[in-house]
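A short write-up of the structure that comes next.
All of these numbers come straight from a predicted model, not from anything done at the bench.
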Amino acid sequence: GAIGTRPAALRAACDRLLPLTRTGDWRKAAAQVEALAEHRARLARTAVRALRQADPGGPDGPGCYERLMRDLLASEDGTVAADGGADYLPPPVEATAVLRRADHDAVLLDTAARVYRFASAAHRRAAAQELGAG
């Protein structure tokens, strides 16, 4: 698992670990790192599942967000173009309204690059596991 490299995730890890390293309790510090990584992985799996259910699809196949995650996993650079790259998605402004929800944060729209990508490596791993890909 991974903790993540966002400032808030690193700060949380440091806040928990620094006191333990000062006392030399390395086993407890290692257990805390593992617990943080497991927590992060759990949150990522929850986000992938929630996003998948935002448009569950039907008898014709998976919904648009599952298709997007599958395309992201299959993509060499880990992105899908927002403008015409995924014609099964609603327009970016509508998709972004769904993706911005806290419980759907597995994928984001990089507005500068105009591409969709996973929010983190943990989300990518969770999608690969949940979708049986990668």
Side-chain angles (χ1 to χ4, degrees):
I3 294 172
T5 56
R6 290 184 179 165
L10 292 174
R11 176 66 189 239
C14 289
D15 287 348
R16 285 187 173 182
L17 297 176
L18 284 177
L20 298 174
T21 60
R22 289 188 188 118
T23 63
D25 196 346
W26 297 104
R27 285 188 185 148
K28 193 168 184 179
Q32 287 288 324
V33 168
E34 189 60 34
L36 285 169
E38 288 173 10
H39 177 70
R40 179 74 173 129
R42 237 183 347 269
L43 290 175
R45 282 191 304 273
T46 299
V48 166
R49 289 176 187 148
L51 184 56
R52 196 174 181 187
Q53 290 304 310
D55 175 24
D60 296 338
C64 65
Y65 297 108
E66 179 176 336
R67 287 181 64 187
L68 175 60
M69 289 187 283
R70 287 183 183 281
D71 286 352
L72 289 169
L73 290 168
S75 168
E76 282 189 30
D77 66 355
T79 66
V80 170
D83 299 321
D87 58 358
Y88 49 82
L89 282 173
V93 72
E94 291 176 33
T96 300
V98 172
L99 300 175
R100 283 190 176 156
R101 290 185 50 189
D103 56 339
H104 295 160
D105 65 351
V107 172
L108 57 81
L109 173 61
D110 181 335
T111 55
R114 302 293 302 159
V115 296
Y116 293 100
R117 63 179 173 81
F118 283 106
S120 71
H123 289 99
R124 182 179 188 82
R125 280 190 299 277
Q129 292 169 351
E130 288 292 317
L131 302 175

For [X] versus [Y], what's the shortest heavy-atom pair and its separation?
X	Y	result
A54	H104	CB-CE1, 3.8 Å
A122	A44	O-CB, 3.5 Å
S120	R40	OG-NH2, 3.1 Å
V48	A127	CG2-N, 3.8 Å
A50	D103	CB-O, 3.0 Å
P92	L109	CB-CD2, 4.0 Å

Partners of [X] by salt bridge (Lys or Arg N to Asp or Glu O under 4.0 Å), sequence neighbours excluded?
X	value
R117	D110
R100	none
R42	none

Provide the full list of salt bridge (charged side-chain N to carboxylate O under 4.0 Å, His left out) pairs with a residue in residues 47-58, sequence neighbours left out, each pair given once.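 Sorted pair list: R49-E130, R52-E66.
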
Salt bridge (charged side-chain N to carboxylate O under 4.0 Å, His left out): pairs with one or both residues in residues 71-91, sequence neighbours excluded: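 Every salt bridge (charged side-chain N to carboxylate O under 4.0 Å, His left out) pair that includes a residue of residues 71-91, provided the two are not neighbours, is D83-R114.
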
Would you give the length of the straight line joining atom NE2 of H123 to atom CG of L108, rounded to the nearest 0.5 angstrom?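 That separation rounds to 9.0 Å.
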
Measure the spacing between CG of L99 and CG of D105 and express it to the nearest 0.5 Å.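 The distance works out to 9.5 Å.
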
Any non-hydrogen side-chain atom of L43 less than 4.5 Å from a side-chain atom of H39?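 The answer is yes; the side chains approach within 4.5 Å.
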
Would a 4.5 Å heavy-atom cut-off, applied to side chains only, mark M69 and F118 as touching?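 Yes - at least one pair of side-chain heavy atoms lies under 4.5 Å apart.
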
Among residues at least two apart in sequence or on other chains, which ones pass side chain to side chain contact (heavy atoms under 4.5 Å, CB included) with L89?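 In terms of side chain to side chain contact (heavy atoms under 4.5 Å, CB included), with neighbours along the sequence ignored, L89 is linked to C64, Y65, L68, A86, Y116.
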
